[in-house]
Amino acid sequence: MISERVMDAATITSWMREIDVAVRAEKDHLVQLDAAIGDGDHGTNMVRGFEAVVQALDADGGSPPGKLLILAGRTLVSTVGGASGPLWGSALRSGGRVLGDQSSFEGAELVEVLAAALASVKDLGTAAVGDKTMVDALEPAVDALRTRLGQGASLDEALDAAGAAGESGMRSTIPLQARKGRASYLGERSVGHQDPGATSTALILRALQRAARAT
Amino acid sequence: MISERVMDAATITSWMREIDVAVRAEKDHLVQLDAAIGDGDHGTNMVRGFEAVVQALDADGGSPPGKLLILAGRTLVSTVGGASGPLWGSALRSGGRVLGDQSSFEGAELVEVLAAALASVKDLGTAAVGDKTMVDALEPAVDALRTRLGQGASLDEALDAAGAAGESGMRSTIPLQARKGRASYLGERSVGHQDPGATSTALILRALQRAARAT
Amino acid sequence: MAVETNQMRKFLNDPARVVKESLAGLAAAHPDLVRYDAAAQIIVRKDAPRRGKVALISGGGSGHEPLHGGFVGHGMLDAACPGEVFTSPVPAQMLAATKAVDGGAGVVHIVKNYTGDVLNFKLAAGDAADEGIKVTSIVIDDDVAVQDSLYTAGRRGVGATVLAEKIAGAAAEGGADLAKVTDTVRQVNERSRSFGVALSSCVPPASGKPIFELPEGQIELGIGIHGEPGRKRAQLASASDIVDVMVEAVVSDLKPKKGAKVLAFVNGMGGTPLLELYLLYAEVDKKLRAAGVEPVRNLVGSYITSLEMAGASLTVLELDEDLTRFWDSPVHTPALRWGV
Amino acid sequence: MAVETNQMRKFLNDPARVVKESLAGLAAAHPDLVRYDAAAQIIVRKDAPRRGKVALISGGGSGHEPLHGGFVGHGMLDAACPGEVFTSPVPAQMLAATKAVDGGAGVVHIVKNYTGDVLNFKLAAGDAADEGIKVTSIVIDDDVAVQDSLYTAGRRGVGATVLAEKIAGAAAEGGADLAKVTDTVRQVNERSRSFGVALSSCVPPASGKPIFELPEGQIELGIGIHGEPGRKRAQLASASDIVDVMVEAVVSDLKPKKGAKVLAFVNGMGGTPLLELYLLYAEVDKKLRAAGVEPVRNLVGSYITSLEMAGASLTVLELDEDLTRFWDSPVHTPALRWGV
Ligand SMILES: Nc1ncnc2c1ncn2[C@@H]1O[C@H](COP(=O)(O)OP(=O)(O)O)[C@@H](O)[C@H]1O
Ligand SMILES: Nc1ncnc2c1ncn2[C@@H]1O[C@H](COP(=O)(O)OP(=O)(O)O)[C@@H](O)[C@H]1O
Ligand SMILES: [Mg+2]
Ligand SMILES: [Mg+2]
Ligand SMILES: [Mg+2]
Ligand SMILES: [Mg+2]
């Protein structure tokens, strides 16, 4: 099966680098989205966090991929603050724990990593699909990845489907009225705006696709 | 001599009314001039003061013109505040004292009234012509009134000359650097702006011409 | 002498260092009261930890000054954890603060109800428990502009935070135990309601742009403290009409006892002059009395702010004897001081 | 609920009544400290007149709050005469205040050096003398931005006013006689220098328009406290560079003794958040030390303001033992309180 491409520590490092580049490029956009229905710091938060993650991974001397994810998550928790810091931080830590000490992993395990990350976000933030949060992008992406891999798609195809699902989940937040996070304070005024956290989540998913392809 | 027209209490009342109308009409302009080189309240100050003067005179039961001027001056002192309140207030009080209890007065006495007013402003404010203050309008106006009456002009002609001299004195403040009042804090930045106090003084002089003509 | 970075009507050197440099200034101005642990980015009471005293810490995004750093000192907080502007701090700060102030009697975390603050404090409380420190957490959620907690993140924590820090701080200073101090925070929160309005937004240093644009002659009703838009926008009305809205919102939700003695807190958002805050207080005092409660204590000033936002909030706390006594107890912090 | 008059981002009912309504609010919030005589438009210390105590009064245009009404109380002013916004009060107010506070030991008039204030206080002092009250007047002129008194109305009175009211107020509270209290005001003035900068103008309620427009990225150097433009406009620089300018202006004029102990007062103009004021204080503290003086006391906050102007001023007072002791003495006013 062509989906049996092997990923390893380099994949994780490259994923984090790709996120760093992507959120930096989209920083102003994320700030703007957050200014409309939040407090205008989401872009700055993500950039600060993933800059620190890249630095932390650079300083690491050869840990396995799971440990790198845990390190990335811990770094997010200790540098981001806000809602997104503990959410993504716990998500990556939970994802990393799935991999234990193994030095490489395959598509099916990646599904478990992302599923654990999603579970952690939902557990900590108590948000469900439709609440206008990052969950609206993450959950359909995990589902799409699992489904396409199950259908025998290649890892790249499956990650492309996950990326597309994340983006469509992101867009699906526009008409929603927020029920979690700061945007919920706006009540009906949150309708018509795209959720910043769902937007950065879509970026994170596309970054994963690029990282896996480069492996 | 045609300048021997007689003025009385009604002239003073009408003068104050004319000032009230004029500063009200020019209030925004005076505020604007004061905002440029002062603190933006000169229009409001003059309107507040002369509104109160008109009210006070309305309530007065037949005092002679000198007493009306003193009442007007006292009212300015007690309602205007700022620099212009005590200056114009003392000016009118000093002018009024010249007339004592007499029930009417003529051109020559009007010169003495205005000269006393000018002296009071200069004494209290220690400003001279060229310092970019109301003195730049008032002093040439008093001089012109005295000169023209001395040359045998009619009261109206002489007051017209005084009004014109006040206006040209007012314009003469534009290129000056202020040496008194708030505008002096600006140093060279005060150059190029017309002094608000000189501007209201020009209005006060034209109001006098209208009041005397109506008598 | 122009610098590229400074085009936004703000006194700063580097937008990324605003919080750190300001905290250093706070400590330099008040060395008798607080110290600044720059590595941990926390403000700690000079004489912490105090053996046997229950400690109080709070924290949240910066930009709300004097909250929280300005409330560290005798009779109020033992430490504050300031995050970046409008961004909640990270668990490491809270853990460091907790450890720095723990005198063996336990530590109370006063948490404003924002998802970020709540999540980060939750992680920190877990870490502190792992280190064997007794921690209790109380979430402050007094803002009646956010109505329904089923469909929202719940009410925001605003003005009641200041009152809780003062009142529970006095309880702790007076020797109350962890349960009592915790309960005092909870009581202040339960007996307080707030409502805020804004006449402008504000400019976070990191973005350099106003969070939203409010045309003159308009008012945002039901704002929080992050420069964000409120529940709705309306025509700007007279101070009297605005206070009607605020008092009605607060009183109808608080439902104080008839004749209740209350503390009325008129808070400025940072860009509203004291001239206007006292004018608002005149209206508040009158209208609270008309609503059947008696303002026996008050606080008027800018104590929980949104940078330079023009706006104000009203917080009403229904007092009882204990809360009044704790309010009146001595306090000595950079921003609030009496009795010492 | 819109009103025609209120289109200017301000909480008010009627622009013509802003001052009166705000003073009523001040008195409603602090009935233990002050009373408001609405007819005379003055704020009077609750327990005035105090037999045998020298009384201090000050006054000036409104819009500088908490100055002066917020400084009436124990250990500071006995009365304040607030004029309309940015317009000096009238002699009748000053006379009423003087009579209300005279306890037989004389009354000191603290006058900020503005033509209007000086002229009106001069007339009032004459009136008071006519009524047999001993009055002394000291004109405060600490603003070094206005250089030459031969070609100007002389230096403006700014930050030193707050310090003079506090310090001389303590002297009077301690029983000093009229000559000593007067001399204390004079000393504070002579030993103080100030310099202010602005990042925006402000909007007086009567006109509803900003006094001037300052584009972003520009700074006015050498401003007073009336929202007016300063001596010159420059590119906005870093806080460090701005404080260099302020410290240099103040220190080069004050010429303090090498190693002098000073009080450093970083004052906000009303629209500058405390976050930035403390950041400025960090720079001020550092640069004063580098200039060879030691800030042993400080005051950081918005105490003499220009409505909602964004800006700040630095005042440095060279202390001696007496002045330090008077500064430290108890004070209890709406805006400044310690030791009680
Ligand atoms: N309870 C929650 N569960 C999941 N995601 C959430 C929750 N609350 C907020 N978020 C996400 O966090 C994003 C905001 O992140 P950020 O701006 O960094 O933090 P903050 O809201 O504290 O300023 C939102 O757009 C939303 O996607
Ligand atoms: N020392 C002075 N002598 C004469 N006129 C003066 C003096 N100082 C100020 N003025 C006049 O007063 C005017 C300003 O008046 P106004 O704005 O009402 O008072 P303020 O300056 O106190 O706000 C100036 O334009 C000037 O003409
Ligand atoms: Mg945000
Ligand atoms: Mg003026
Ligand atoms: Mg945030
Ligand atoms: Mg004025």
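Within every chain, numbering begins at 1; the chains are lettered A, B, ... in the order of the sequence lines, protein sequences first and strands thereafter.
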Of the listed residues (Met309(D), Glu21(D), Arg337(D)), which shares the most heavy-atom pairs with chain C below a 4.5 Å separation? Arg337(D)
Can you tell me which portion of Ala312(D) sits under 4.5 Å from chain C's heavy atoms? Options are side chain, backbone, both or neither. both
Greatest number of heavy atom pairs closer than 4.5 Å to chain C - which of Gly268(D), Pro334(D), Gly311(D), Ser306(D): Gly311(D)
Heavy-atom pairs under 4.5 Å with chain D - which of Arg297(C), Glu283(C), Lys20(C) has more of them than the others? Glu283(C)
If you measure from the Lys or Arg side-chain nitrogens to the Asp or Glu carboxylate oxygens, is any gap between Lys287(C) and Asp244(C) under 4.0 Å? yes
Looking at Thr272(D), Leu279(D), Val340(D), which has the largest count of heavy-atom pairs under 4.5 Å with chain C? Leu279(D)
Under 4.5 Å from any heavy atom of chain C - which part of Pro215(D): backbone
Do Trp338(C) and Pro330(C) have side chains that get closer than 4.5 Å, going by heavy atoms? no
Could you check, using the six-membered ring where one of them is a Trp, whether Tyr281(D) and His30(C) have ring centers closer than 6.0 angstrom? no
With side chains defined as the heavy atoms from C-beta onward, is the minimum distance between Leu199(C) and Leu236(C) less than 4.5 Å? yes
Checking heavy atoms, do the side chain of Leu280(D), its backbone, both or neither come under 4.5 Å from chain C? side chain
Side chain / backbone / both / neither for Leu214(D) at chain C, heavy atoms under 4.5 Å: both
Distance-only, no hydrogens or angles: does the Ser22(D) side chain make a donor-acceptor pair with backbone N or O of Leu275(C) under 3.5 Å? yes
Report the option among Ala28(D), Pro82(D), Pro295(D), Ala29(D) that has the most heavy-atom pairs separated by less than 4.5 Å from atoms of chain C. Ala29(D)
Which bit of Val85(D) is near chain C, if near means a heavy-atom gap under 4.5 Å: side chain, backbone, both or neither? side chain
Which bit of Val18(D) is near chain C, if near means a heavy-atom gap under 4.5 Å: side chain, backbone, both or neither? both
Option from Ile225(C), Leu307(C), Val162(C) for which side chain to side chain contact (heavy atoms under 4.5 Å, CB included) with His64(C) holds: Ile225(C)
Is a salt bridge present between Glu308(C) and Lys10(C), judged by a nitrogen-to-oxygen distance below 4.0 Å? yes
Hey, what do you get for CD1 (Ile223(D)) to CZ (Phe212(D)), rounding to the nearest 0.5 Å? 7.5 Å
If one checks every heavy atom of Thr305(D) against chain C at 4.5 Å, the contacting part turns out to be neither
Side-chain ion pair, Glu220(D) and Arg231(D), N-O less than 4.0 Å: no
Counting heavy-atom pairs under 4.5 Å with chain C, which one of Gly69(D), Ala198(D), Gly339(D) comes out on top? Gly339(D)
